[in-house]
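Keep in mind that the numbers below use all heavy atoms, side chains included, and drop hydrogens, waters and symmetry copies.
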Amino acid sequence: MKVTIFKRLVISYLVIILLIIFLGVYTTLRLNRLNQIINYIISVDTATVKVVGELTDTIFTQVGYEEKYLISKDQDFYQRFWEIGDYVKKNIKKLEEISDTVEKKNLIKKIKKAHESYISLFEKKVFSAVQNTSDKAYREYKQKKQNIINEISQNLREIAEIAKLDRDKKMEMASAISLQVIKVTTITAGIAIMMVVLISFLNTRNINRPILLLQEKTKQVAKGKFGPPVYISSPPEIKELANAFNTMCERLKELDEMKIDFISHLSHELRTPLTAIKEASSMLLEGVFTDMPEKQYELFSIIKEECERLINGVNRILDLSRMEAGMMSYKFRTFSLFPIIEKSTLKLTPLAQRKKIKIEMNIEDNLPLVRIDEERITQVIENLLSNAIKFTADGGKISISANKNEGNMITVSVTDTGCGIPKEELEKVFEKFKRIESGWVAVRGTGLGLSIAKHIITAHGGQIWVESEPGKGSTFYFTLPVS
């Protein structure tokens with residue numbers, strides 16, 4: 001059993017996908033770790049250095065206000081001393097919250113205790129109300145205060161140094177992780193690229209020859225030479241492609257034949273009115289009926305009718321071309337279907353009466369309004385009715401009905417008692433230029449009316465279909481959404 005290209009691609013690319021998944025998981029985990037380290041540096045180490053700096057500034061600021069107060073006894077300085085003291089406590093508390101080692105916590109406890117000693121020393125000094133700054137007590141106070149401040153400064157410097165060392169270590173760790181991720185990514189990407197190149201080479205070698213054969217066959221088809229089908233034994237996918245290509249060629253051949261049929265049909269449709277116009281015009285120019293005005297009037301009427309027939313035929317072809325190109329414009333307005341159906345039925349009743357065909361209308365009462373292009377929907381109804389009259393035997397019956405269904409849609413149907421359509425040909429009646437080799441159905445299929453009708457109903461958001469049984473007549477349905 002041969003391994004198909006699909007299986008080989010699946011296995012090969014599965015390996016590549018697993019490599020990519022491994023790379024993605026590994027990179028995600030490592031980058032997550034890197035992100036944790038960076039966040040830790042920002043939220044702990046860098047923040048510690050920053051808080052230490054702020055704490056140092058606030059302590060020295062507090063000391064400055066203390067000295068100014070002791071010298072001037074200004075209560076504003078005294079008030080500012082205590083306000084700055086609150087900031088010092090807040091910074092110490094903030095430092096406690098972000099400290100991550102026992103060593104830092106111990107140093108913070110020392111700072112907190114030393115600051116409390118400084119506050120207590122200041123309170124005693126203020127309480128003693130010593131005013132002479134040169135006495136022994138004041139010198140002892142300054143010495144004790146200086147020792148406390150020096151202790152606090154030393155502890156703060158130690159905390160800052162510890163934080164900086166921790167930050168440097170973490171930065172080295174982050175750098176190592178980054179280099180490791182780059183290395184693993186490069187190796188994995190290299191392996192994946194090599195596998196892709198190898199897979200591409202092997203698969204290209206296996207499918208190159210069949211593709212060249214299909215390419216040559218395509219050139220022949222482009223020149224209109226369909227020739228015999230292409231048969232390729234392997235690989236399986238290319239064989240299926242060749243089969244699909246052969247089916248396409250058969251379809252193109254059918255379309256080419258349909259084109260010939262259409263041109264033949266169109267030539268006949270154009271030749272008949274043109275011949276009538278030519279002959280009538282020649283007779284008028286030659287003055288054949290100079291003394292018979294009623295005959296001249298008949299000739300002019302023939303010319304007019306045949307001109308209208310030509311114009312209608314050309315318009316139908318142009319309409320279909322615009323519809324297929326999506327360039328057809330519609331004038332949507334809200335209408336009731338009843339007057340449209342009634343008007344179309346009355347218009348075609350004389351044709352039915354000539355064949356003694358009875359036309360019945362079964363329209364549901366209080367039929368909801370629909371948003372439609374009145375002219376185009378009239379064209380659809382008239383086309384279905386005219387087809388029904390054309391293919392119903394003398395003395396037959398045609399019924400047109402309209403009612404609202406459960407899907408908030410209005411269903412319109414035209415039923416005749418004609419000879420019906422074979423089941424296998426039901427969908428083909430809506431195709432353009434399609435000749436159905438089954439008696440009268442070929443006539444219906446070569447026209448453009450039903451193809452145009454399908455485009456119109458589709459543009460209105462509805463559907464059109466046919467149900468038929470040979471010998472028992474046909475029913476054409478189309479739906480329109482309720483406005």
Item to check | Verdict with supporting geometry, N362 and S399, side-chain hydrogen bond (donor to acceptor under 3.5 Å, both in side chains) | outcome: CA-CA 7 Å; N362 300 309; S399 175; 3.1 Å; yes
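- Annotation: M171, atom CE; neighbour count of heavy atoms from other residues, nucleotides and ligands within 6.0 Å does not exceed 12.
- You'll find the side chain of Y477 reaches within 4.5 Å of the side chain of T411, heavy atoms only.
- For the pair T334/V370, no side-chain contact is recorded, criterion being any heavy-atom separation below 4.5 Å from C-beta on.
- Partner of R33 under the side-chain contact (heavy atoms from CB on, under 4.5 Å) criterion, chosen from V181, I177, T28, I38: I177.
- Contact annotation: the side chain of R376 never approaches that of K331 to less than 4.5 Å [non-hydrogen atoms, C-beta and beyond].
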Checklist entry - When you look at I464 and T458, which way does the side chain to side chain contact (heavy atoms under 4.5 Å, CB included) test go after all the steps? => result CA-CA 8 Å; I464 185 169; T458 302; 5.7 Å; no
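- Within the 4.5 Å cutoff, side-chain heavy atoms of I381 are placed close to those of I400.
- Summarising the local packing, OH of Y297 is surrounded by 12 or fewer heavy atoms from other residues, nucleotides or ligands at distances under 6.0 Å.
- The residues K164 and D45 are annotated as not salt-bridged, no charged nitrogen and carboxylate oxygen being separated by less than 4.0 angstrom.
- Distance check: R371 CZ to R333 CZ gives 10.0 Å after rounding to the nearest 0.5 Å.
- A salt bridge is defined here as a Lys NZ or Arg NE, NH1 or NH2 lying under 4.0 Å from an Asp or Glu carboxylate O, and K423 with E425 fails to meet this definition.
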Item to check | V184 and Y26: CA distance, side-chain angles, deciding distance, side chain to side chain contact (heavy atoms under 4.5 Å, CB included) verdict | outcome: CA-CA 9 Å; V184 172; Y26 173 80; 3.6 Å; yes
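- Heavy atoms from other residues, nucleotides or ligands lying under 6.0 Å from CD of E83 number more than 12.
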Return all side-chain donor-acceptor pairs below 3.5 angstrom for residues 88-96, not counting sequence neighbours, or 'none' if the list is empty.
residue: N91; atom: ND2; partner: Y87; partner atom: O; Å: 3.4

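- Around atom CG of N366, no more than 12 heavy atoms belonging to other residues, nucleotides or ligands sit under 6.0 Å away.
- Side chains of I372 and I340 form a contact here, defined as non-hydrogen atoms less than 4.5 Å apart.
- Environment of CZ in F300: sparse, with no more than 12 heavy atoms of neighbouring residues, nucleotides or ligands closer than 6.0 Å.
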Checklist entry - Should F478 and H460 be marked as a ring-ring contact (aromatic ring centres under 6.0 Å, His included) after you check the CA-CA gap, both sets of side-chain angles, and the distance that decides it? => result CA-CA 11 Å; F478 67 86; H460 281 73; 9.3 Å; no
Next on the checklist: Run the side chain to side chain contact (heavy atoms under 4.5 Å, CB included) test on T475 and V414 for me, step by step, so that the C-alpha distance in whole Å, both residues' side-chain angles and the decisive distance to 0.1 Å come before the verdict.
Outcome noted: CA-CA 5 Å; T475 301; V414 177; over 6 Å; no
Item to check | Full working for side chain to side chain contact (heavy atoms under 4.5 Å, CB included) between I457 and I377 | outcome: CA-CA 8 Å; I457 296 302; I377 295 300; 4.1 Å; yes
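- If you check the side chains of D166 and Y40, you find no donor sitting under 3.5 Å from an acceptor.
- Classification of E364 and K404 as a salt-bridged pair fails, no side-chain N sitting under 4.0 Å from a carboxylate O.
- With contacts defined as side-chain heavy-atom distances shorter than 4.5 Å, the pair K343/T378 does not qualify.
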